[in-house]
Amino acid sequence: MSYKQKIHKEIKKALNGESDLVYLERTKLKEHGDVSTNIAMVLAKKQKRNPLDIANELKEKIKADGSLISHIEVAKPGFVNFVVGDYALSESLVEVINIGDKFGFAPEKSKEETLVEYVSANPTGDLHIGHGRQAVIGSCLVNLLSAAGYDVKSEFYINDFGEQIQNLSDTAWAIHCKLNGENVQWKEDFYPEDLLLPYVKKIVGAYCSKPQQQLTKEILGQEIKDLILKSQEELLSSLKISFDKWHSETDLHTRGEVKNTLKKLKESGITYEHEGAIWLKAQELGDVRDRVLVRSDGRSTYLLADVAYHINKFKRSTKLITLWGADHHGQEVGLKGALKVLKYDENKLEIIFVQMVSLKKEGQEIKMSKRAGTVVTVDEVLNEVGPDAFRYFLVESHPNHRMIFDIDLAKKQDKDNPVYYIQYAHARCCSIFRQITDDIKKEEVLKKCTISPDVFMYLFKANNQEYSATKSLILRILDFPEEVLNSAESRSPSRIANYLKELATDFHQFYTVCRVISKDINLTEARLGLVETVKITIANGLKILGINAPESM
RNA sequence: GGGCCUUUAGCUCAAUUGGAUAGAGCGCCUGGCUUCGAACCAGUAGGUUACGGGUUCAAAUCCUGUAAGGCCCGCCA
């Protein structure tokens, strides 16, 4: 149990109930103690009393015994501020060392099973930086929800069906014919030639070595799709991103799930026919216009397949999270509406929109466009900065915020990226342990730290500056589990990134002020234990972000 | 015209989801290594939280209006 939970319990006891309203928060200023509660102000309204009276009453009832709470103070207009006792902090540190690499992670998957779908790009080209953003945010979210106790599965929906795929096949065949010296008619909506040329060459090359097989347009289309998909998978894998399932849209069609969904929608009376097409009465569901489900030529639309896909997912998981690029937000009402009509709880589907990435080059903002050749690929940037900086750079910002990607800045971010500031703190911790001389054994010290809080009490026998730096660091470390929960609930992994930056700052300050290894054995042991908890916390936080925690750099 | 998202220091972003004096990094300037890693630390400068109104003990945060920007409004996905 954390010191916060213990203090919370004391307040609850003093109040005889009403504890649901008690909220303890860390203070910003030292003059306000370490934690404070606004409960007196909250109750003042209900009880029609002066908040200061309630606060003072609370102060009288709760004993500051020095162990859990060393000081209580009431401040205008009714805050109750607590200074946490050194012993309670020591106890918490023992707990951190004991839990180790599980610190901050929920002990069991006690929360809802959740299926997170993200990236889901067309297999029609290289992943660009916008996909990269969705990929990084999505994978961090999966890690984060899992850390918070959700039973999480991840999935990539392959849009391997429909017009774009047909176009891919047509383009590839045109390139193939061109390579053979044929005069081909190049259509305007074809994919850029230089984008697909390497893939086509590779496939053609493979077929040259087995002349018994004839390369047809159909085969080429299939092969290039598979090849692009494979390259996407490899690229994501180099970013430490993997999926529990790659779900093909084509499968939904061949298994009849799309047809079945259409049948059910028809039966529910939410469709109609118009000019040979089948429409969803989306306006009745709150959409700005009706949507086509089946085209006049009999082919189904993306929307219909997506409804079928989400039904498929609902059969496997009670809660769904889907990440979409912001340009897809128009589909939300139609999809959710159709699901609702078919008696699925649309509130169990949460769509997270990741805002667009635009580019900045030489101070000018430009739109990313395939046609204009201004696409920046994941590959291009990843090769330049490596996976750690890449992931940090993209997870740092909130999904709801548009991101302006400065390509030149990103490429030279190898030293400036804050991820190195965090990793350096971790490496420093490791380095300290490498300095230990023979009279102190690392394993013995750490073992001692798992047994008794007394070891850590030496941390507090220090001058004011050292005491202050030490305590700030400890309080920050102990914030971690709550930070994980808050980040998960608000679906913002960027908060973990920010937390780690602050933790690293506290550690670097501590390191500057407090010498860890000294002639004072007791103090050395206590500080080594503290350094171990820093190392654990940084490593666990970086794990959520999918970033390496190096022993040295 | 309608819908979704956004606006905080020169730039990139925070602010424990309504708390007390809005904080970091980069960049500028100044100082700090004969002792555990200077990829670090300390200090200086930089703000009417886009703007107006409202809600209350308390607003960057909630409501509302205005302005600016991004995205969408296809029988593409």
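Scope of the values below: all heavy atoms of this structure, side chains included, with no hydrogens, waters or symmetry mates. This structure is a prediction, so every number in the text was calculated from the model and none was measured. A, B, ... follow the sequence lines: proteins, then strands. Residue 1 opens every chain.
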Using purine N1 to pyrimidine N3 plus N6-O4 or O6-N4 for Watson-Crick, or N1-O2 and O6-N3 for G-U wobble, both under 3.5 Å, which nucleotide pairs with [N]?
N: C28(B); answer: none
N: C71(B); answer: G3(B)
N: A77(B); answer: none
N: A50(B); answer: U66(B)
N: C57(B); answer: G19(B)
N: A39(B); answer: none

First encountered from the 5' end of RNA chain B, between Glu31(A) and Pro399(A)
Pro399(A)
[N] versus [M] - spacing of their [atom1] atoms, nearest Å:
N: A15(B); M: G19(B); atom1: C1'; answer: 12 Å
N: U44(B); M: A9(B); atom1: C1'; answer: 15 Å
N: G46(B); M: C26(B); atom1: C1'; answer: 14 Å
N: A50(B); M: U6(B); atom1: P; answer: 13 Å
N: C73(B); M: U12(B); atom1: C1'; answer: 32 Å
N: A39(B); M: A22(B); atom1: C1'; answer: 29 Å
N: C62(B); M: A24(B); atom1: C1'; answer: 27 Å

Side-chain N or O of [X] versus OP1/OP2 of [N]: is the shortest distance under 4.0 Å?
X: Arg527(A); N: C36(B); answer: no
X: Asn38(A); N: G19(B); answer: no
X: Arg289(A); N: C75(B); answer: yes
X: Lys28(A); N: G19(B); answer: no
X: Gln331(A); N: C72(B); answer: no
X: Ser431(A); N: G37(B); answer: yes
X: Arg291(A); N: G74(B); answer: no
X: Gln509(A); N: A42(B); answer: yes
X: His401(A); N: U7(B); answer: yes

Give a yes-or-no answer on whether the side chains of [X] and [Y] include a donor-acceptor pair shorter than 3.5 Å.
X: Ser494(A); Y: Ser492(A); answer: no
X: His328(A); Y: Gln331(A); answer: yes
X: Thr505(A); Y: Tyr421(A); answer: yes
X: Tyr272(A); Y: Asp290(A); answer: yes
X: Tyr191(A); Y: Gln164(A); answer: yes

Check every strand shown and say whether [X] touches a base, only sugar-phosphate, or nothing at a heavy-atom separation below 4.0 Å.
X: Tyr421(A); value: sugar-phosphate
X: Arg428(A); value: sugar-phosphate
X: Ala75(A); value: base
X: His508(A); value: sugar-phosphate
X: His32(A); value: base
X: Ser518(A); value: nothing
X: His398(A); value: sugar-phosphate

Please determine whether any donor N or O and acceptor N or O are separated by less than 3.5 Å between the side chain of [X] and the base of [N].
X: Ser296(A); N: C75(B); value: yes
X: Gln164(A); N: C76(B); value: yes
X: Ser36(A); N: A20(B); value: yes
X: Asn167(A); N: A77(B); value: no

Quick check, are the ring centers of Phe405(A) and Phe393(A) under 6.0 angstrom apart?
yes
Between His32(A) and Phe79(A), does the ring centre distance come in under 6.0 Å?
no
Looking only at side-chain atoms of Met41(A), point me to the closest of C36(B), C75(B), C57(B).
C57(B)
Parallel, tilted or perpendicular: which fits the ring planes of Tyr157(A) and Tyr309(A), with parallel below 30° and perpendicular above 60°?
parallel
